[in-house]
Amino acid sequence: HAALEPLCKISLLLMGGFIRCFLGDYAGSHRDVEQGLEIARQEGVHVVDPLLLAVGCYSTLTIGSLAEADAYLDECGRFLAVHRRDLDISHYQFLRSWRDMLAGDLPRSHEAARMALELAQQVGAAYPVALCRCGLAHTLVELGRGEEAMREILLARGEGQKPASPLIQYCGDVLEAHYLFRSGREADGLRSVSDGLRRSRLMGVPHPLYYRPELMTEFYAKALENVPDDPIIRNDIRKSWLATDRIPNHLDTWPFPVKIYT
């Protein structure tokens, strides 16, 4: 509608940014976020800024653009220094943990994940608590505390209560598969891969949050070993930021842009 109020326009762009990011359209998500932030600056309506900036982080962190993610995080940090809202600060710390994990700073990543979960629990919001548990679990696995990590995943999934959203379940599947393969439990790991693929297709979402290229490279390789000609997996691989040093050369079905035979 041509006469939409600024907050309505910004909210629609926020939803568009979320949806495009979850569908793997990171450039489209980025455009929505930037347009929403520009309207916010022009109109002086900043109540949605932390969520817009967070979606900007989602898309840039998922494609490994840490410099762009840092710009969003810095702007979000300045906003939250003035407008202290615990749930937004929890979200910010979750994103910082993800960013520091990608940058290889495990101690800082773990501390941010711990703070994010603590704040989310104080607020008492179920989905943020589950998401922050997933983030903390990533750091625990890398610290060699795998059993603690799996307990966090179990809690995030809501075992014994109402099951968590498919997106939280998918986040757990990817990390669980990584931990099980690392522990030599191949059959259990493959079950987690199968569960993750099923949930990914149910949602139409190619990647979980707290995306890590080395984990997704392993996840896709195991998936293609067991379902060699799956066009959906191959398409997801093509549009993913992956760990090039871990791409499996033995898989003829991996969608390399070029293959050289000697």
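No experiment lies behind these values; they were computed from the predicted model shown.
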So, does [X] use its side chain to make a donor-acceptor pair with the main chain of [Y] at under 3.5 Å?
X: R182; Y: V141; value: yes
X: S29; Y: D25; value: no
X: Y210; Y: S97; value: yes

Side-chain heavy-atom pair [X], [Y] within 4.5 angstrom cut-off:
X: M101; Y: L106; result: yes
X: V205; Y: L23; result: no
X: R238; Y: P257; result: no
X: Y211; Y: Y58; result: no
X: K9; Y: Q35; result: no
X: E186; Y: L180; result: no
X: H207; Y: S240; result: yes
X: C134; Y: I168; result: yes

Where do [X] and [Y] come nearest, in terms of heavy atoms and distance?
X: Y72; Y: C57; result: CB-SG, 3.6 Å
X: A116; Y: Q93; result: CB-CB, 3.7 Å
X: G17; Y: D32; result: N-OD2, 3.3 Å
X: A156; Y: R133; result: N-CD, 3.7 Å
X: R199; Y: P166; result: CD-O, 3.7 Å
X: L61; Y: A69; result: CD2-CB, 3.6 Å

Dump the intermediate steps for salt bridge (Lys or Arg N to Asp or Glu O under 4.0 Å) on R151 and E147, then the final yes or no.
CA-CA 6 Å; R151 283 196 292 274; E147 291 303 317; 5.3 Å; no
Please assess H30 against E68 for the test side chain to side chain contact (heavy atoms under 4.5 Å, CB included), listing each intermediate value before the final yes or no.
CA-CA 10 Å; H30 182 74; E68 286 184 288; 3.7 Å; yes
Once side chain to side chain contact (heavy atoms under 4.5 Å, CB included) is applied, do any residues pair with A223, and if so which ones, sequence neighbours excluded?
V193, L197, I233
Across all chains, not counting sequence neighbours, the side chain to side chain contact (heavy atoms under 4.5 Å, CB included) partners of W254 are T217, Y220, A221, L224, I237, L242, I247, P248, L251, F256
Test: [X] and [Y] ion pair at under 4.0 Å:
X: E111; Y: R108; answer: no
X: K222; Y: E218; answer: no
X: E38; Y: R41; answer: yes
X: D173; Y: R157; answer: yes

Quick one: [atom1] on [X] to [atom2] on [Y], what's the gap to the nearest 0.5 Å?
X: L13; Y: E34; atom1: CG; atom2: CD; value: 11.0 Å
X: Y170; Y: D195; atom1: OH; atom2: CG; value: 12.0 Å
X: L202; Y: Q169; atom1: CG; atom2: CD; value: 11.0 Å
X: I232; Y: S200; atom1: CD1; atom2: OG; value: 8.5 Å
X: I89; Y: R96; atom1: CD1; atom2: CZ; value: 14.0 Å
X: D86; Y: Q121; atom1: CG; atom2: CD; value: 12.5 Å

Determine, using ring centers only, whether H91 and Y127 are less than 6.0 Å apart.
no
Please indicate whether R234 has more than 12 foreign heavy atoms, meaning atoms of other residues, nucleotides or ligands, lying under 6.0 Å from its CZ.
yes
Atom CD of E5: over 12 foreign heavy atoms under 6.0 Å:
no
Side chains of E214 and H178: do they bring a donor and an acceptor to under 3.5 Å?
no
Name the residue from L14, L53, I39, L37 that meets the side chain to side chain contact (heavy atoms under 4.5 Å, CB included) definition with V48.
L14
Find out if a path of hydrophobic residues (ILVMFWY) with successive side-chain heavy-atom gaps under 4.5 Å connects [X] to [Y].
X: L52; Y: I63; result: no
X: L143; Y: W98; result: yes
X: L51; Y: L73; result: yes
X: F94; Y: V123; result: no
X: Y179; Y: L190; result: yes

Should L95 and Y92 be marked as a side chain to side chain contact (heavy atoms under 4.5 Å, CB included) after you check the CA-CA gap, both sets of side-chain angles, and the distance that decides it?
CA-CA 5 Å; L95 294 167; Y92 171 79; 5.6 Å; no
Starting from the C-alpha separation in whole Å, work towards a yes-or-no answer on side chain to side chain contact (heavy atoms under 4.5 Å, CB included) for E142 and T139.
CA-CA 5 Å; E142 298 310 315; T139 69; 5.9 Å; no
Using the side chain to side chain contact (heavy atoms under 4.5 Å, CB included) rule, take H138 and L215 through it: C-alpha gap first, then chi angles, then the decisive distance, then the call.
CA-CA 10 Å; H138 275 269; L215 268 62; 3.7 Å; yes
